[in-house]
Amino acid sequence: EDALDQLTKAKDQQGIIRLYERWIAAAPADKNLRTQLADVYGSMGKTAEMIKSYEALAKAQPNGVEAHRKLGDAYSWVDRPADAIQSYQRVLTLKPNDQAALKTLADLYDWNDNAPMAISMLRKLLKSRPADKKLRLRLATVLEDSGDERQAIKELERLLASDKKSIVLR
C-alpha cells in the first residue's frame, strides 16, 4: 500500500496535502500533481486554497486550456462569476470554438443577467450545431426573457421547421 492510500484511509487531510506538496517540490513542472492538489483542496472544502492552486496552475500555464477551464470551474463553484467568465474567455482565446466553454459562458452570462452575451454564445454554438433542438429552444428562451419576442418567435419557427416529425408538443 502506498503512502497516499494509507493517508486516505486514515483520513489524514494534512498528511495528504503535505505528501502532494513534497511531490510538487520534487517535480515543480508536473501540472497533473498541481491539479490533483487543487482537487484535494476542493474535496476538503478548502476553497481558498483550491482557488490559489488553480490560479498558480493557470499562471504557470498561460496557454493551457485545461488550466483555465479548471480555474473557471473553481470560480463558478465559489460563486465568483466575473472571474469564471474571465477564465472561460481565456479558454476561448486559446481555443475559439471550444463547445464546452461556449456553453458554460452562455450559462454564466444568462445567470448573471447579461442576455446579449448569452445570446452571442448560444448563436456561436448553433453555428457548429444547427440541428441541436435543445440549444435552439434555449436561445429562443433567452431571447424571450431579454424582451426580444420577435427573434424568439423566429427561433421557435426554425425549430418547428427543422424536423416536424420528431417534435412532440405537450
(message) Walk me through whether L92 and M121 qualify under side-chain contact (heavy atoms from CB on, under 4.5 Å).
(response) CA-CA 11 Å; L92 284 184; M121 297 298 117; 4.1 Å; yes
(message) So, using side-chain contact (heavy atoms from CB on, under 4.5 Å) as the criterion, who are the partners of I24 when residues are at least two apart?
(response) L33, R34, L37
(message) Quick check: do I85 and S87 have side-chain heavy atoms less than 4.5 Å from each other?
(response) no
(request) Please list, chain by chain and in numerical order, all residues satisfying side-chain hydrogen bond (donor to acceptor under 3.5 Å, both in side chains) with R22, sequence neighbours excluded. (result) none
Please table the atom pairs, donor to acceptor, closer than 3.5 Å between any side-chain atom in residues 49-69 and protein atoms at least two apart or in another chain.
from: S53; atom 1: OG; to: E49; atom 2: O; distance (Å): 3.0
from: Y54; atom 1: OH; to: D39; atom 2: OD1; distance (Å): 2.1
from: E55; atom 1: OE2; to: Y75; atom 2: OH; distance (Å): 2.5
from: N63; atom 1: OD1; to: R90; atom 2: NH2; distance (Å): 3.0
from: E66; atom 1: OE1; to: R69; atom 2: NE; distance (Å): 3.4
from: E66; atom 1: OE2; to: R69; atom 2: NE; distance (Å): 3.0
from: E66; atom 1: OE2; to: R69; atom 2: NH2; distance (Å): 3.4
from: H68; atom 1: NE2; to: P62; atom 2: O; distance (Å): 3.2
from: R69; atom 1: NH1; to: D98; atom 2: OD1; distance (Å): 3.1
from: R69; atom 1: NH2; to: D98; atom 2: OD2; distance (Å): 2.6

(request) For side-chain contact (heavy atoms from CB on, under 4.5 Å), just list the numbers for L122 and D110, CA-CA rounded to whole Å, side-chain angles, deciding distance to a tenth of an Å, and then say yes or no. (result) CA-CA 10 Å; L122 290 167; D110 188 23; over 6 Å; no
(request) Tell me whether L156 is reachable from L135 by hopping between hydrophobic residues (I, L, V, M, F, W, Y) whose side-chain heavy atoms are closer than 4.5 Å. (result) no
(message) Could you walk me through whether T141 and E144 satisfy the side-chain contact (heavy atoms from CB on, under 4.5 Å) test, starting with their C-alpha distance in whole Å, then the side-chain angles of each, then the deciding distance to 0.1 Å, before giving a yes or no?
(response) CA-CA 5 Å; T141 302; E144 196 275 329; 5.8 Å; no
(message) Take a 6.0 Å sphere around CD of Q86 and say whether it holds more than 12 heavy atoms from other residues, nucleotides or ligands.
(response) no
(request) May I ask whether Y41 and V78 are part of the same hydrophobic cluster, defined by side-chain heavy atoms of I, L, V, M, F, W, Y residues being less than 4.5 angstrom apart, directly or through others? (result) yes
(message) Using 0.5 Å steps for rounding, measure from the CD1 atom of I16 to the CD atom of Q13.
(response) 7.0 Å
(message) Through direct or indirect side-chain contacts below 4.5 angstrom among Ile, Leu, Val, Met, Phe, Trp and Tyr, which residues connect to I153?
(response) none
(request) Answer with yes or no whether the hydrophobic clustering places L105 together with L126; edges join I, L, V, M, F, W, Y residues whose side-chain heavy atoms lie under 4.5 Å apart. (result) yes
(request) Verify the distance criterion only: is there a donor paired with an acceptor across the side chains of D73 and Y88 at less than 3.5 Å? (result) yes
(request) Using side-chain contact (heavy atoms from CB on, under 4.5 Å) as the criterion, list what pairs up with D79, not counting sequence neighbours. (result) P81
(message) Can you tell whether the side chains of E157 and K154 come within less than 4.0 Å, N to carboxylate O?
(response) no
(request) Could you pull out the closest heavy-atom pair between A84 and G72, with the gap in Å? (result) CB-O, 3.5 Å
(message) I'd like to know if M44 and L4 are part of one continuous hydrophobic network [Ile/Leu/Val/Met/Phe/Trp/Tyr, side-chain heavy atoms within less than 4.5 Å].
(response) yes
(message) So, taking the atom named CD1 in I119 and the one named CZ in R138, what distance separates them when rounded to the nearest 0.5 Å?
(response) 10.5 Å
(request) Kindly compute the distance separating CD (Q14) from CG (L19), expressed to the nearest 0.5 Å. (result) 12.5 Å
(request) Flag yes if L71 and Y109 sit in one hydrophobic cluster, no otherwise; membership is Ile, Leu, Val, Met, Phe, Trp, Tyr, and two members link when side-chain heavy atoms are under 4.5 Å apart. (result) no
(message) Measuring from atom CG of L139 to atom CZ of R158, what distance do you get when rounded to the nearest 0.5 angstrom?
(response) 8.5 Å
(request) Take S128 and N97 through the test side-chain contact (heavy atoms from CB on, under 4.5 Å) and record every step on the way to the result. (result) CA-CA 9 Å; S128 63; N97 293 314; over 6 Å; no
(request) Decide yes or no for K46 and I17: does some side-chain heavy atom of the first lie under 4.5 Å from some side-chain heavy atom of the second? (result) yes
(request) Give a yes or no answer on whether the side chain of T35 reaches the backbone of K31 with a donor-acceptor pair at less than 3.5 Å. (result) yes
(message) Can you tell me how far apart CG (D148) and CD (E155) are? Round to the nearest 0.5 Å.
(response) 10.0 Å
(request) Please name the pair of heavy atoms, one in P130 and one in R136, separated by the smallest distance, quoted to 0.1 Å. (result) O-NH2, 3.2 Å
(message) Check this for me: does any side-chain nitrogen of one of K103 and D107 sit under 4.0 Å from a carboxylate oxygen of the other?
(response) yes
(message) Considering only residues two or more places apart or on different chains, which pairs with a residue in residues 112-129 satisfy salt bridge (charged side-chain N to carboxylate O under 4.0 Å, His left out)?
(response) R129-D132
